[in-house]
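Presented below is the structure to which this report refers.
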Amino acid sequence: MRMYDIIAKKRDGGTLTRDEIAFAVNGYVAGSVPDYQMSALLMAIYLRGMTDEETAQLTDVMAHSGDMVDLSAISGVKADKHSTGGVGDKTTLVIAPIVAACGVKIAKMSGRGLGHTGGTIDKMESVPGTRTALTQEEFFRQVNDIGIAVIGQSGKIAVADKKMYALRDVTATVGCIPLIASSIMSKKLAAGSDAILLDVTVGSGAFMKNLDDAIELARLMVSIGTAHGRKVAALITDMDTPLGHNIGNSLEVAESMAVLKGEGPADLTEVCLQLASNMLYLAGKGDMPQCRAMAEHVIADGSAFDLCCRMFAAQGGDTEVLRDSEKFRKAKYSYSVCAKSAGYITANDVECIGNASVMLGAGRAKKEDPIDFAAGIVMHKKLGETVEAGEPICTFYADDPALFAPAEQMYRSGLMIGPDCPPAMPLIYARVTKDGVERF
Ligand code: URA
């Protein structure tokens, strides 16, 4: 078999066999297939697509390119969730403790920020002392003892994805449904949970810019997971505006804790409750109304917040900042971005908001860049709200005031204020299961 022939076959619209996919992927991991040949194959896949069967085979080969975690040493049903990425997307920090407080085990591996989007592990590390790298023994023990642990993804999970994702990132081949589906599902299958809820974001801050593509991605991922014997469902959620008001690591942790204390913003709270109810449903905890009631109950009685504190404490974190967000270290400087005219906010591009927060220090421009956990943005006015001329739209936080001007330019490049109220967007557009698509 030759890589040249596999590339040519896909370039000409052919369907690859499992052996051909395995030859390419395993060869790339082993180093016998060079970057330039894998790049050519990825671009051919980007342009020609893959059948569902090819995508399923690609996922399986990628999942088996590293460790397949066996969670059977943890008793009970294990649930996981994955978001396809967003800005201000802090749902894991809320949902994981809710679901665990309802008796479903959470043994979760999460990622760091990528491009303009944030990552759970960076947010967790903004809580002083928190360790996100546990040994497998510590990880399993913590889940068995308190029901929940969230850690960084081990470098040994889906090794092919790590290498291929880095290559896609620099060869303009990220935004391709079969490649995204195989990338995400290879990691989820390897991570070992029984029930997997996918949060597929759609809108200006998401990989999927339109609903049909988001539904197609969700359908494909659900079918791959189901074929591997997992319980999988996906919610299609809006990313045309960030969830809640806060963007940036400790700012987002503070807002997540507010939701767990029953004091969070309505949009974030609602999306978290819907995601948590669906996870509980997949884990067999009851019908949807019962699962929703359970999720609401563990917020109201404080048990989800208590469990979140126990998780951070078990991982070395200082829970004082969770109880009182004023105790987080504050950025040295703040700056208000004010409206230049009165009207409705008719556009507020989420990618621009995410990029602005990265420019303030909340994310990384390069992989090795440090993060300023206190940096970020608090939005006062969001898409569809009215503003007066001169009124603050958002506040920036950073340790270096020279960062404000370029970040403001980035934020304003996606901002439009006009006379007409834009149509209100739903928070959740659809639910995709193995039985089909339910649009809301
Ligand atoms: N997230 C992933 O893990 N992989 C992708 O390809 C896109 C988003």
Side-chain angles (χ1 to χ4, degrees), residues 46 49 55 81-92 94-95 111 113-120 168 172-185 188 196-225 232-245 247 252 265-279 345-355 357 379 382-384 414-416 422-434 436-440:
Y46 185 97
T55 310
K81 77 152 275 262
H82 185 88
S83 163
T84 57
V87 173
D89 180 354
K90 63 235 6 138
T91 57
T92 294
V94 182
I95 300 163
L114 189 70
H116 67 281
T117 65
T120 301
R168 286 166 59 209
T173 50
V174 170
C176 165
I177 291 176
L179 293 179
I180 296 176
S182 51
S183 163
I184 292 173
M185 291 309 291
K188 292 293 109 179
I196 304 165
L197 182 72
L198 302 163
D199 175 2
V200 178
T201 50
V202 60
S204 64
F207 285 114
M208 296 296 109
K209 305 292 180 201
N210 70 67
L211 183 56
D212 287 344
D213 283 351
I215 288 178
E216 173 54 15
L217 175 62
R219 185 199 62 74
L220 194 52
M221 293 196 292
V222 169
S223 86
I224 293 168
V232 192
L235 291 186
I236 313 289
T237 64
D238 184 65
M239 193 39 75
D240 253 328
T241 190
L243 279 174
H245 300 278
I247 298 135
E252 292 190 39
D267 61 345
L268 177 61
T269 303
E270 180 55 26
V271 169
C272 288
L273 282 170
Q274 295 243 19
L275 290 166
S277 321
N278 273 278
M279 267 174 96
I345 299 196
T346 56
N348 203 1
D349 187 275
V350 179
E351 203 165 325
C352 293
I353 301 172
N355 283 330
S357 82
M379 298 176 73
K382 292 181 34 175
L383 191 65
L415 181 72
M416 279 184 350
M425 293 299 180
L427 288 170
I428 299 184
Y429 292 92
R431 179 163 177 259
V432 180
T433 64
K434 66 178 176 24
V437 180
E438 191 186 344
R439 289 183 189 244
F440 303 127

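Residues take their numbers from the sequence shown, with the count starting at 1.
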Show me, pair by pair, the donor-acceptor contacts under 3.5 angstrom made by side chains of residues 347-354, not counting sequence neighbours?
from, atom 1, to, atom 2, distance (Å)
Asp349, OD1, Glu351, N, 3.0
Asp349, OD1, Cys352, N, 3.0
Glu351, OE1, Lys209, NZ, 3.3

Fill in: Any residue meeting side-chain hydrogen bond (donor to acceptor under 3.5 Å, both in side chains) with Tyr429, in chain and number order, not counting sequence neighbours
Asp238
Practice prompt. Measure across Ser204 and Asp240 and return the closest heavy-atom pair with its distance rounded to 0.1 Å.
Written response: N-OD1, 3.0 Å
Practice prompt. Under the side-chain contact (heavy atoms from CB on, under 4.5 Å) rule, collect the residues that match up with Thr120, sequence neighbours excluded.
Written response: Thr92, Leu93, Ser110, Met124, Val150
Item to complete: Name all residues meeting the side-chain contact (heavy atoms from CB on, under 4.5 Å) criterion together with Pro422; count only those two or more places apart in sequence or in a different chain, and write none if there are none.
Response: Tyr344, Thr346
Practice prompt. Output the distance between atom CE (Met416) and atom CD1 (Ile345), rounded to the nearest 0.5 Å.
Written response: 11.5 Å
Discussion item. Quick check: closest heavy atoms across Ile236 and Ala218, and the distance to 0.1 Å?
Written reply: CD1-CB, 3.7 Å
Response to the item:
Value for NZ (Lys81) from CD1 (Ile95), rounded to nearest 0.5 Å, stands at 4.5 Å
Fill in: Residues forming a side-chain hydrogen bond (donor to acceptor under 3.5 Å, both in side chains) with Thr201, sequence neighbours excluded
Thr84
Worksheet item: Which value, rounded to the nearest 0.5 Å, describes the distance between Gln274 atom CD and Leu235 atom CG?
Response: 7.0 Å
Discussion item. Strictly distance-based, threshold 3.5 Å: is any side-chain N or O of His82 a donor or acceptor partner for the main-chain N or O of Leu198?
Written reply: no
Worksheet entry | Contacts of Asp267 that satisfy side-chain contact (heavy atoms from CB on, under 4.5 Å) - sequence neighbours left out | Leu243, Pro265, Lys382, Leu427
Worksheet item: Is there a side-chain contact (heavy atoms from CB on, under 4.5 Å) between Met208 and Ile215 once you walk through the steps?
Response: CA-CA 9 Å; Met208 296 296 109; Ile215 288 178; over 6 Å; no
Worksheet item: Nearest 0.5 Å, what's the CE-CG distance between Met239 and Asp89?
Response: 4.5 Å
Practice prompt. For Arg219, enumerate each residue passing the side-chain contact (heavy atoms from CB on, under 4.5 Å) test, keeping only those at least two apart in sequence or located in another chain.
Written response: Asp52, Glu216, Val432
Fill in: Non-neighbouring partners of Lys188 that pass salt bridge (Lys or Arg N to Asp or Glu O under 4.0 Å), sequence neighbours left out
Asp80
Worksheet item: Closest approach of Val200 and Ala214, non-hydrogen atoms and distance?
Response: CG1-O, 3.7 Å
Worksheet item: Do you know which two heavy atoms are closest between Leu211 and Val202, and how far apart they sit?
Response: N-CG2, 3.7 Å
Discussion item. Could you check whether Asp199 pairs with Lys90 (Lys NZ or Arg NE/NH1/NH2 to Asp/Glu carboxylate O, under 4.0 Å)?
Written reply: no
Discussion item. By the salt bridge (charged side-chain N to carboxylate O under 4.0 Å, His left out) test, which pairs, at least two apart or in different chains, include something from residues 423-434?
Written reply: Arg431-Glu438
Response to the item:
Taking every heavy atom of Met221 against every heavy atom of Val232, the minimum-distance pair comes out as O-CG1, 4.5 Å
Discussion item. If I take atom CG from residue Leu197 and atom CG from residue Asn278, how far apart are they, to the nearest 0.5 angstrom?
Written reply: 5.5 Å
Practice prompt. Check whether any side-chain heavy atom of Arg168 sits under 4.5 Å from a side-chain heavy atom of Ser183, and report yes or no.
Written response: yes
Fill in: Test side-chain hydrogen bond (donor to acceptor under 3.5 Å, both in side chains) applied to Asn355 - qualifying residues, sequence neighbours left out
none
Fill in: Residue pair Met379 / Pro242: nearest heavy atoms and the distance that separates them
SD-CG, 3.7 Å
Worksheet item: For Thr173, what residues pass the side-chain hydrogen bond (donor to acceptor under 3.5 Å, both in side chains) criterion, not counting sequence neighbours?
Response: Thr171
